[in-house]
**Q** 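Starting off with a structure, shown below.
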Number of protein chains: 6
Amino acid sequence: MRHDGRLQNQLRPIRVERPFATAAPGSVLIHAGNTSVLCTASIDDSVPPWKMKQDPPTGWVTAEYNMLPGSTSPRKNRERSGKVDGRSQEIQRLIGRSLRAAVDTAALGPRTITIDCDVIRADGGTRTLSITGGFIALVDAVNSLKPAGVDPKKVLIASIAAVSVGVHQGVAVLDLDYPEDSRAEVDMNVVMTGEGRFVEVQGSAEKGTFSPEQLQAQLALAIDGVRQLSQVQREILGKDWPF
Amino acid sequence: MRHDGRLQNQLRPIRVERPFATAAPGSVLIHAGNTSVLCTASIDDSVPPWKMKQDPPTGWVTAEYNMLPGSTSPRKNRERSGKVDGRSQEIQRLIGRSLRAAVDTAALGPRTITIDCDVIRADGGTRTLSITGGFIALVDAVNSLKPAGVDPKKVLIASIAAVSVGVHQGVAVLDLDYPEDSRAEVDMNVVMTGEGRFVEVQGSAEKGTFSPEQLQAQLALAIDGVRQLSQVQREILGKDWPF
Amino acid sequence: MRHDGRLQNQLRPIRVERPFATAAPGSVLIHAGNTSVLCTASIDDSVPPWKMKQDPPTGWVTAEYNMLPGSTSPRKNRERSGKVDGRSQEIQRLIGRSLRAAVDTAALGPRTITIDCDVIRADGGTRTLSITGGFIALVDAVNSLKPAGVDPKKVLIASIAAVSVGVHQGVAVLDLDYPEDSRAEVDMNVVMTGEGRFVEVQGSAEKGTFSPEQLQAQLALAIDGVRQLSQVQREILGKDWPF
Amino acid sequence: MRHDGRLQNQLRPIRVERPFATAAPGSVLIHAGNTSVLCTASIDDSVPPWKMKQDPPTGWVTAEYNMLPGSTSPRKNRERSGKVDGRSQEIQRLIGRSLRAAVDTAALGPRTITIDCDVIRADGGTRTLSITGGFIALVDAVNSLKPAGVDPKKVLIASIAAVSVGVHQGVAVLDLDYPEDSRAEVDMNVVMTGEGRFVEVQGSAEKGTFSPEQLQAQLALAIDGVRQLSQVQREILGKDWPF
Amino acid sequence: MRHDGRLQNQLRPIRVERPFATAAPGSVLIHAGNTSVLCTASIDDSVPPWKMKQDPPTGWVTAEYNMLPGSTSPRKNRERSGKVDGRSQEIQRLIGRSLRAAVDTAALGPRTITIDCDVIRADGGTRTLSITGGFIALVDAVNSLKPAGVDPKKVLIASIAAVSVGVHQGVAVLDLDYPEDSRAEVDMNVVMTGEGRFVEVQGSAEKGTFSPEQLQAQLALAIDGVRQLSQVQREILGKDWPF
Amino acid sequence: MRHDGRLQNQLRPIRVERPFATAAPGSVLIHAGNTSVLCTASIDDSVPPWKMKQDPPTGWVTAEYNMLPGSTSPRKNRERSGKVDGRSQEIQRLIGRSLRAAVDTAALGPRTITIDCDVIRADGGTRTLSITGGFIALVDAVNSLKPAGVDPKKVLIASIAAVSVGVHQGVAVLDLDYPEDSRAEVDMNVVMTGEGRFVEVQGSAEKGTFSPEQLQAQLALAIDGVRQLSQVQREILGKDWPF
């Protein structure tokens with residue numbers, strides 16, 4: 001039994017406010033337990049310079065990740081010194097790579113979609129929740145391009161969701177919250193498509209090392225967790241589900 | 001008649017979600033029409049170095065202001081380059097000075113309260129709404145210190161609210177939204193106490209100049225607007241109102 | 001009686017060295033009591049990128065403000081760290097906005113005039129003296145464009161001067177020096193045209209708050225002070241006065 | 001058959017110059033095919049501030065990764081702008097975490113060992129070669145502490161090596177060089193101990209996604225590759241092998 | 001005959017305004033022809049951290065060099081980006097080293113004297129004029145310490161002055177102005193004591209190379225030029241001359 | 001007799017590994033005693049913007065200097081903060097100016113050659129060894145351009161080498177190592193052509209001042225030292241010697 005009563009393979013409850021009050025074409029406030037992330041998707045009719053060299057230029061999807069100062073206690077300083085810290089950079093690179101796997105950038109056309117993930121409250125799993133919520137905002141943004149002649153069914157080629165797994169007190173568990181994460185021996189983040197293929201696997205021994213058997217046990221939990229999250233995404237998007 | 005049907009001296013409707021989902025002791029999401037600001041108040045048991053030289057050291061109240069990328073269209077870049085832009089700096093200095101007028105820093109004791117104002121949606125008046133909402137978060141944070149022996153009635157010496165006024169098409173108007181603000185001839189921000197004394201007056205001619213009569217007309221509107229906002233603050237705080 | 005013997009509504013004596021030894025088309029060293037500012041106006045035959053989108057592109061006037069290290073005691077560090085401090089940014093934005101009110105940028109043509117205000121000695125009122133002296137340098141720079149076909153009478157549409165007022169020991173006073181400014185309860189900076197219209201009004205309670213009556217008393221002093229400063233500018237410029 | 005004639009499960013030849021000409025207590029120039037990395041280990045008798053709060057303070061192992069400008073063509077700019085790029089940060093965080101798994105920081109005592117990995121020539125696999133070579137430099141540095149009473153057999157608790165695997169033209173391959181890496185569908189980096197336990201697993205789909213079967217095929221190759229590299233480390237260190 | 005009528009071995013006229021309007025204990029505005037530099041010397045009762053390790057801690061003399069934006073045409077941008085350009089750094093390091101040769105830092109005691117050299121107008125020779133004028137400001141600052149028990153005759157151990165020499169159209173010339181400097185084949189800066197000993201010799205071929213004979217001709221001119229400048233310094237300081 | 005047994009006018013032994021393992025067209029690892037510098041020369045088919053204004057655009061030669069962290073003890077921090085320190089900037093400007101004296105940039109054509117000097121081990125004289133080794137890398141890079149129609153005999157107009165001299169315990173000595181350099185009274189760096197003409201002369205009194213006689217004694221040693229180094233360069237380059 002886990003400290004909050006969940007089973008080893010049980011997700012925290014997911015709740016989504018959609019659309020949330022912003023000016024962006026895609027915007028959701030997604031909650032998993034006490035972790036909350038505001039995911040917004042903005043569209044810009046231009047692409048990075050290195051994309052312009054392609055003929056015809058294809059689109060681009062990128063992401064930024066940020067924890068608001070009040071999302072954690074003690075307060076987290078803003079990253080205004082000119083140095084985005086290594087952790088934030090790693091996370092936003094992961095989010096960007098993951099969501100690009102959802103998109104046919106040629107079908108998107110010469111546009112950049114930026115997924116901003118601002119953590120309102122941090123209780124573990126902020127990077128995976130950013131991906132899961134970011135996909136919903138991405139779908140809304142792509143759908144908003146229909147009047148411009150974009151066909152969402154061609155642009156969106158896979159649904160993407162992500163979950164954390166880990167080894168805590170020797171046992172593999174799904175979707176760690178902060179009290180678990182901070183004491184876990186291994187921490188893994190797994191990004192997959194709704195069809196069960198891998199996009200990213202990142203596992204780190206936080207204390208000591210882990211065995212091949214522990215690796216396999218975590219992978220099995222992650223596969224099952226992403227399957228459930230994909231179902232949640234489908235229900236939330238309803239008729240806007242692009243597949 | 002204004003473009004949204006309001007009278008010359010009419011505020012936009014105020015709505016407050018309190019507490020909003022964060023880890024901070026004070027947190028409100030405040031809306032004025034389509035402008036929304038997340039105000040959180042965090043407490044740190046230390047003070048800046050120059051405060052430590054006082055004997056006994058008194059407390060400090062400071063503020064940070066930030067527009068989230070999706071708060072406006074086109075998307076606003078994050079201030080991560082190491083240079084907080086001049087406008088943001090001016091605004092957060094204004095918020096900090098204004099809210100310090102609410103506090104007896106000696107009674108607060110050697111603590112720093114940081115008010116973070118993150119704009120979720122920008123439709124004019126973000127700085128004044130940050131002050132009005134920031135005061136509510138500040139009260140909640142000070143009240144949270146009661147178990148530590150702090151007396152909120154001694155710490156909080158005035159209620160603070162703020163409003164914008166301007167001259168639009170030659171007429172003085174209260175609480176400009178973005179369409180009005182972007183075409184106004186004069187833009188003023190006025191910060192006052194609930195008892196009708198001034199904390200800050202900042203007026204700029206955006207196009208041309210303004211007459212002494214126009215200055216007086218704006219001041220009259222502002223005095224009335226802040227009086228209404230103070231009443232809203234009192235209702236929202238209810239039994240937590242410190243005076 | 002004030003600490004230096006001045007009356008409540010008396011300015012410090014103004015002295016101007018014009019032109020001062022620089023390579024710029026406009027350059028004055030202006031003194032008000034013990035405050036001295038070197039104001040230079042440089043002309044560049046280009047405009048910022050966002051100006052280039054206008055058709056035809058209009059001109060631009062901007063300002064930079066800097067305190068030399070030896071202008072105050074203890075020595076002030078140079079702003080070389082990549083972060084111009086908030087106070088300097090606020091001041092140079094104020095100077096730029098104020099002097100733009102003097103200029104018809106369409107008549108100026110696609111040129112940028114930069115007003116550099118380098119404080120040689122700081123004894124209170126550096127920002128307002130920068131504006132008053134900067135206007136003189138601006139006029140000299142615009143006059144230097146006559147051979148290029150520019151008509152100063154069309155470019156210059158108003159004279160601009162500025163003064164500080166405040167409340168010191170409960171009494172409103174004009175043109176505070178540093179000993180007064182550092183102990184004032186309220187500090188206001190007022191920028192006006194020679195014809196008595198407002199460009200900027202910025203008042204802050206430094207300690208406590210201020211009443212509507214105190215606000216009015218300060219405004220009256222400021223109106224009178226700027227009127228005197230405008231007369232000084234006219235005498236200094238003599239036949240170069242553009243109106 | 002691979003483009004350079006290697007089998008699917010064949011490493012590039014490893015060559016090590018030890019010690020290499022530096023002032024550091026550990027220094028090796030390690031080559032894997034045409035990839036060359038200078039790994040130096042320096043010792044500092046202090047620890048980061050957050051370590052000082054532990055009682056007694058334990059040691060620390062950290063790493064920095066850098067590509068020299070001439071290591072690749074076209075020349076790579078130095079990271080002197082104040083922003084270490086995201087890729088470099090990710091890599092040096094990976095190297096640091098990996099090598100900390102080799103060390104009992106309590107037995108090390110209050111010292112910091114910094115592993116500098118400077119890439120002299122880049123032909124794929126620089127991060128994994130940095131870890132494999134960095135471990136050798138780390139052993140030399142720890143051995144140099146014997147006169148200070150440090151017991152290397154207590155400090156060093158595992159040997160660490162790393163290898164890349166990937167999927168290229170649908171086939172899983174070991175130890176990709178640059179021509180393979182730049183066209184691979186999946187890229188994985190695996191860090192393990194000499195005893196076959198995992199420290200880090202990082203796999204990314206570079207194009208499209210990958211199946212559970214492809215994940216397993218890569219893991220099998222990596223386990224075998226690290227086993228070979230551990231044997232090479234043991235031979236190079238000879239009598240200095242600490243286990 | 002040179003373009004301004006001077007002989008090969010003739011200095012430009014020197015003029016000094018002393019003290020100039022600043023708050024610093026030493027301040028001179030020094031002119032050599034059309035080059036003008038404001039040299040101020042500030043005193044701080046502390047020393048850099050690495051000096052504190054000495055027992056007893058000795059004093060320190062340092063310098064900063066800056067060209068004001070209006071000192072040259074076109075306007076020079078301020079060095080506010082966080083990167084002091086290489087030329088400025090070289091120059092201020094040269095000024096600091098040169099003036100330290102004038103001082104017995106043990107006799108100075110644990111104080112830092114900062115010499116700020118702000119170029120008001122640049123017409124060649126700004127770095128050497130900064131040294132020559134900076135020495136005068138330094139003497140005034142040291143003399144101001146008499147009430148604190150400092151003996152200027154012990155602190156000041158040499159007078160320091162500097163001059164540029166060069167090869168222009170094949171001929172060695174003294175004290176180049178900008179038109180000469182910009183076309184010179186060789187540019188040398190020589191810093192010496194009033195007693196004819198060298199502190200710094202820096203010569204660069206700007207175009208091509210120079211012969212041993214040309215080196216000797218320039219050295220002879222420099223020795224004579226510094227001798228004259230030392231005499232000027234003595235006359236300006238009058239009874240304050242410390243030797 | 002010097003501490004390492006050398007005569008007053010004796011160089012340390014020179015050893016060169018050429019080419020060294022990098023991707024650059026010119027690359028040498030040069031050793032002088034225990035000082036080792038990796039010099040690489042990269043070619044880019046573009047020139048800086050200010051060069052493009054020339055018609056036809058001529059080429060450019062520039063240099064960067066860096067000490068690797070393990071090159072000295074204690075470890076030297078990397079220059080990643082955005083501020084290249086003053087010493088590094090001075091040195092790389094010196095290397096660039098010196099090597100440009102070897103090249104007819106018009107004959108080079110619109111190309112930039114960058115000489116990267118990364119110090120592997122520092123035992124005095126790193127800047128002069130960078131120049132001496134950098135010249136060899138430069139020659140190799142220029143020779144690599146023959147297939148592009150470049151004639152090395154036209155591009156390369158002089159051979160360049162450099163050496164340090166100093167005054168140690170009152171005696172002028174050639175090619176100081178670190179123990180000598182750190183205690184020397186005077187430190188000079190002299191850059192010359194193989195034909196005995198000067199490119200740069202930089203001498204600083206590190207403690208006290210130096211006499212005209214000491215200056216001459218050092219110059220004589222330097223002239224002899226560079227003559228020997230030029231001979232070494234000729235032998236190493238063999239048939240690739242361009243003159």
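Chain A is the first sequence line, chain B the second, and so forth, proteins listed ahead of strands; every chain is numbered from 1. None of the values given here were measured: they were computed from a predicted structure.
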**Q** Checking C/Ser36 against chain E: side chain, backbone, both or neither under 4.5 Å from a heavy atom?
**A** side chain
**Q** Hey, are E/Asp4 and E/Arg6 close enough for a salt bridge, meaning a charged N less than 4.0 Å from a carboxylate O?
**A** yes
**Q** Hey, mind stepping through E/Asp177 and E/Asn34 against side-chain contact (heavy atoms from CB on, under 4.5 Å) and telling me if it holds?
**A** CA-CA 8 Å; E/Asp177 62 11; E/Asn34 288 324; over 6 Å; no
**Q** Check whether C/Asp116 gets within reach of chain E through its side chain, its backbone, both or neither, counting any heavy atom under 4.5 Å.
**A** both
**Q** So does C/Asp240 pair up with C/Arg18, basic N to acidic O under 4.0 Å?
**A** yes
**Q** Between E/Asp151 and E/Lys146, does any NZ, NE, NH1 or NH2 come within less than 4.0 Å of an OD or OE carboxylate oxygen?
**A** no
**Q** Tell me, for E/Ser27 versus chain C, whether the close heavy atoms (under 4.5 Å) come from the side chain, the backbone, both or neither.
**A**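 E/Ser27 has no heavy atom closer than 4.5 Å to chain C.
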**Q** Using heavy-atom distances under 4.5 Å, tell me whether C/Ile43 contacts chain E through its side chain, its backbone, both, or neither.
**A**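 For C/Ile43, no heavy atom lies under 4.5 Å from chain E.
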**Q** Among residues 117-133 of chain E, which residues come closer than 4.5 Å to chain C, judged by heavy atom distances?
**A**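 Checking residues 117-133 of chain E against chain C gives E/Cys117, E/Asp118, E/Ile120, E/Arg121.
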**Q** Regarding E/Glu64 and C/Arg75, does a basic nitrogen lie under 4.0 Å from an acidic carboxylate oxygen?
**A**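 Counted as a salt bridge, because a side-chain N and a carboxylate O are separated by less than 4.0 Å.
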**Q** Will you find, in the side chains of E/Thr58 and E/Lys51, an N or O donor that is under 3.5 Å from an N or O acceptor?
**A** yes
**Q** What part of C/Asn66 is in contact with chain E, defined as an atom under 4.5 angstrom from a non-hydrogen atom: side chain, backbone, both or neither?
**A**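 Both parts, heavy atoms under 4.5 Å.
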